[in-house]
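Have a look at the structure below before the remarks.
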Protein chains: 2
Amino acid sequence: MEKKSFVLKGNIVYSGENKELCSIEGGYVVCENGICRGAFEKLPKQYETLPLTDYGDKIILPGMTDLHVHAPQYTFRALGMDLELLDWLNVHTFPEEAKYVDISYAKRAYGSFVSDLKHSLTTRACIFATLHREATVALMDLLEESGIVSYVGKVNMDRNGGENLCEADASAAAEDTKKWIEETAGKYERTNPILTPRFIPSCTDELMRELAKLQKTTGLRVQSHLSENPSEVAWVKELVPAAKNYADAYAVFDMFGDKDHPAVMAHCIYSEDEMDLLKEHGVYVAHCPESNLNLSSGIAPVRKFLEEGIAVGLGSDVAGGSSLSMAKALTLAVQVSKMYWRLIDEKSKPLTFAEAFYLATAGGGSYFGKVGTFLDGYEFDAVVAEDHIAKDVREYTPIQRTERMMYDESTMTICAKYAAGCACEL
Amino acid sequence: MEKKSFVLKGNIVYSGENKELCSIEGGYVVCENGICRGAFEKLPKQYETLPLTDYGDKIILPGMTDLHVHAPQYTFRALGMDLELLDWLNVHTFPEEAKYVDISYAKRAYGSFVSDLKHSLTTRACIFATLHREATVALMDLLEESGIVSYVGKVNMDRNGGENLCEADASAAAEDTKKWIEETAGKYERTNPILTPRFIPSCTDELMRELAKLQKTTGLRVQSHLSENPSEVAWVKELVPAAKNYADAYAVFDMFGDKDHPAVMAHCIYSEDEMDLLKEHGVYVAHCPESNLNLSSGIAPVRKFLEEGIAVGLGSDVAGGSSLSMAKALTLAVQVSKMYWRLIDEKSKPLTFAEAFYLATAGGGSYFGKVGTFLDGYEFDAVVAEDHIAKDVREYTPIQRTERMMYDESTMTICAKYAAGCACEL
């Protein structure tokens, strides 16, 4: 897809320099060769010749980034929510993921995932596939075509996945992963491989060492899970006794990334004592509030991460989360932060709507570079949305209309989408 | 509307005798003169002559009961979610409710509320209006026409509502309320008045005494709020020093109902020490999990209520809650119960999906009599829903399809609705 130059007109809502919510009624956003040139009340003279699409009274938002989502789990999202993490993995997740050895099943299932992702608020995503190389490539092909920009990981796991979901051994796993990287190298414009050790309980020490070697030679980034559930945390302590905590269990294997190759770690609910390591390695926290409720995991100390300057974005974590909706992730991030304040630590102020909006857009977006708002110099990601709330009763500002669409998604229709300067076909 | 006899065919999901989820694929539910005669795999011979509607592969659920919702707040739902209860009331709620003195505004706003309620899962509701008599009657007229069965309260408040939202004094308030009751007596088939002191901070002792007298002469039920937020609880302690707790502040004025005239009290988050009173008076708890998150209130000890045999139903509590969706109330009830277990008391087992489904249907429904399931003898309330999840990838049972529609409402379309044996026009 060609990175074009164009102007969109409508009611524009985005996060400003200080993460505050900004809006312009009937304003203009300019995209020049894929790069945003800003949002304006009046269109600057030099852009007047660019093609303009007038979205009338609709709302134009920055695209959102889903920092953590499992594509193969989309088939059973919103099911089996009466179990905790480790049981849920064994009963629902692993048996489903094992099916992706069948490439025709994988293509059907991933087709439905990518089609729904395309129609969501998401323009960027960090995605787990399964351990199956062929199915992972099929997923990447579909994503590339969709226009969404993504990191995609062929999952690595050589223990505790059950007999149908386990790589033969560490070196076979590394070999297969290397093959996958080579096979997809240079193939895509917007779809990037990322090393994906599932989580410590799924990866032997040998596998972690192999992946660290691969990381060195390829320079790829890493995504995984961290400190999600008390029983998982306890298990990791047993599995990697040399590590001083769960985060360190990645760091000791040199798989925790660095500022130039930041890792994304999902959850980090029990990471208060790991904040130094998160900070030192420039780790991104993918905060997944719905999943953390559904799997009875807990509430992540997001306010503390922000105060420490740790990077935070939001994740749907399908199928711990029930849908791909970043609106749900955004509003639940606010809601659970209120419970964190009320029930855990009254010094941790709840997130405001503006802060959660920032996390869903520019916060997570920054994992992809300058992404997630309409300031000058950002890559151009936008979603055009129409709301369906009787406006004959009361007037609402664009920011209020945005808050309402996020809290009550049934009132929102997504009409158009642009990722990295390209229009996505909906 | 005439209470008819008919049969519906489809995939039937409902709570059984022991509150477990039951389902029949391609089954039949029978309505005879407005009363359910049961759900059947094979249609019993004696009903073969009744008119049958075949809903094919759709799901047929019992109608749901919204035990606590503020109709006038529908206009600003999903807005202003960065405030706690008492500030939120002063900034958003009271100024909006004051507008309902204007009957034409009230009719427009209530029109939109009732229209959306009609298209929801709700077949029964306990509704707060405002203190305005004329607007409350307008709301009741609209509800009656919609087919939904409801209790509706003209709100009473003679202090702390601000200058435009306050009844002149206790006796004027009682007089106006009496007039409202007389004016609507015998007017409706499915719309019932209920006494509605807003909450203790809004009602002087004199007003409570006047309403208690009115309760005695009319035999009406009572709805109000109880123990929602720590600062509210502290305030009530100051306002009614004679009461041993918030619940007792209603009981000392004889406004806490009895088993034949049960009161509905919304929230009850801080009611652990009030459980004896709740039980003794047969009070219904309207558990409103989304509102309790949005207003940073806390998490109600629902498991404890259930263990004590206290009646519990679910409420949307618009506009503390952002939408009329009982699916949201149901799934959030499960989600917050997991946080209650994780963060407050690990002896309080999380609610299962089946338990929350029961609360949303038969639990709250029992406030209206035998309502909320498809067992023999229950009033016939049903909702027919279609799900939109790619079924070409995997097969799902009717119970799984129901869980998925509740967790991810965007996959659900409501196609038909029956309340108390009558079809509602959608």
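Labels below follow one simple rule: chain letters A, B, ... track the order of the sequence lines, proteins then strands, and each chain is numbered from 1. Computed from a predicted structure; not experimentally measured.
Here the OG atom belonging to A:S410 is positioned 8.0 Å from the CG atom belonging to B:D116, to the nearest 0.5 angstrom. How far CG of A:L343 is from OG of B:S296: 10.0 Å, rounded to the nearest 0.5 Å.
Applying a 4.5 Å heavy-atom cutoff, the residues of residues 227-235 of chain B that approach chain A are B:N229, B:P230. Residue-level contacts of residues 316-323 of chain B with chain A, in order of numbering, are B:S322, B:S323; threshold 4.5 Å between heavy atoms. Contact annotation for residues 80-88 of chain A against chain B (heavy-atom separation below 4.5 Å, listed by residue number): A:G80, A:M81, A:D82, A:E84.
A:V393 has its side chain within reach of B:Y105: a pair of non-hydrogen atoms, C-beta onward, lies under 4.5 Å apart. Counting heavy atoms from C-beta on, the side chains of A:E409 and B:E409 never come closer than 4.5 Å. Between B:N294 and A:Y407, some side-chain heavy-atom pair lies under the 4.5 Å cut-off. Within the 4.5 Å cutoff, no side-chain heavy atoms of B:K338 are placed close to those of A:L293. A 4.5 Å side-chain heavy-atom check between B:M339 and A:Y340 finds every atom pair outside the cut-off. B:N292 has its side chain out of reach of A:Q335: every pair of non-hydrogen atoms, C-beta onward, lies at least 4.5 Å apart.
Residues B:D408 and A:K328 approach most closely at CA-NZ, 4.4 Å, considering heavy atoms.
At distances below 3.5 Å, not a single donor-acceptor pair connects side-chain atoms of A:R404 with backbone N or O atoms of B:L79. Listed for the A:R342 side chain is no donor-acceptor partner under 3.5 Å among the backbone atoms of B:G298.
Contact of A:Y74 with chain B is made through the backbone alone, with heavy-atom distances under 4.5 Å. Using a 4.5 Å cut-off between heavy atoms, A:L332 contacts chain B through its side chain alone, with no backbone atom that close. Using a 4.5 Å cut-off between heavy atoms, B:T411 contacts chain A through its side chain alone, with no backbone atom that close. Contact annotation for A:S325: neither backbone nor side-chain heavy atoms come within less than 4.5 Å of a heavy atom of chain B.
Considering only residues two or more places apart in sequence or on other chains, B:S115 meets the side-chain hydrogen bond (donor to acceptor under 3.5 Å, both in side chains) condition with none of them.
Contact count versus chain B (heavy atoms, under 4.5 Å) is highest, among A:K99, A:E290, A:Q400, A:M405, for A:Q400.
Taking a 6.0 Å sphere around NZ of A:K349, one finds it holds 12 or fewer heavy atoms contributed by other residues, nucleotides or ligands. Environment of NZ in B:K19: sparse, with no more than 12 heavy atoms of neighbouring residues, nucleotides or ligands closer than 6.0 Å.
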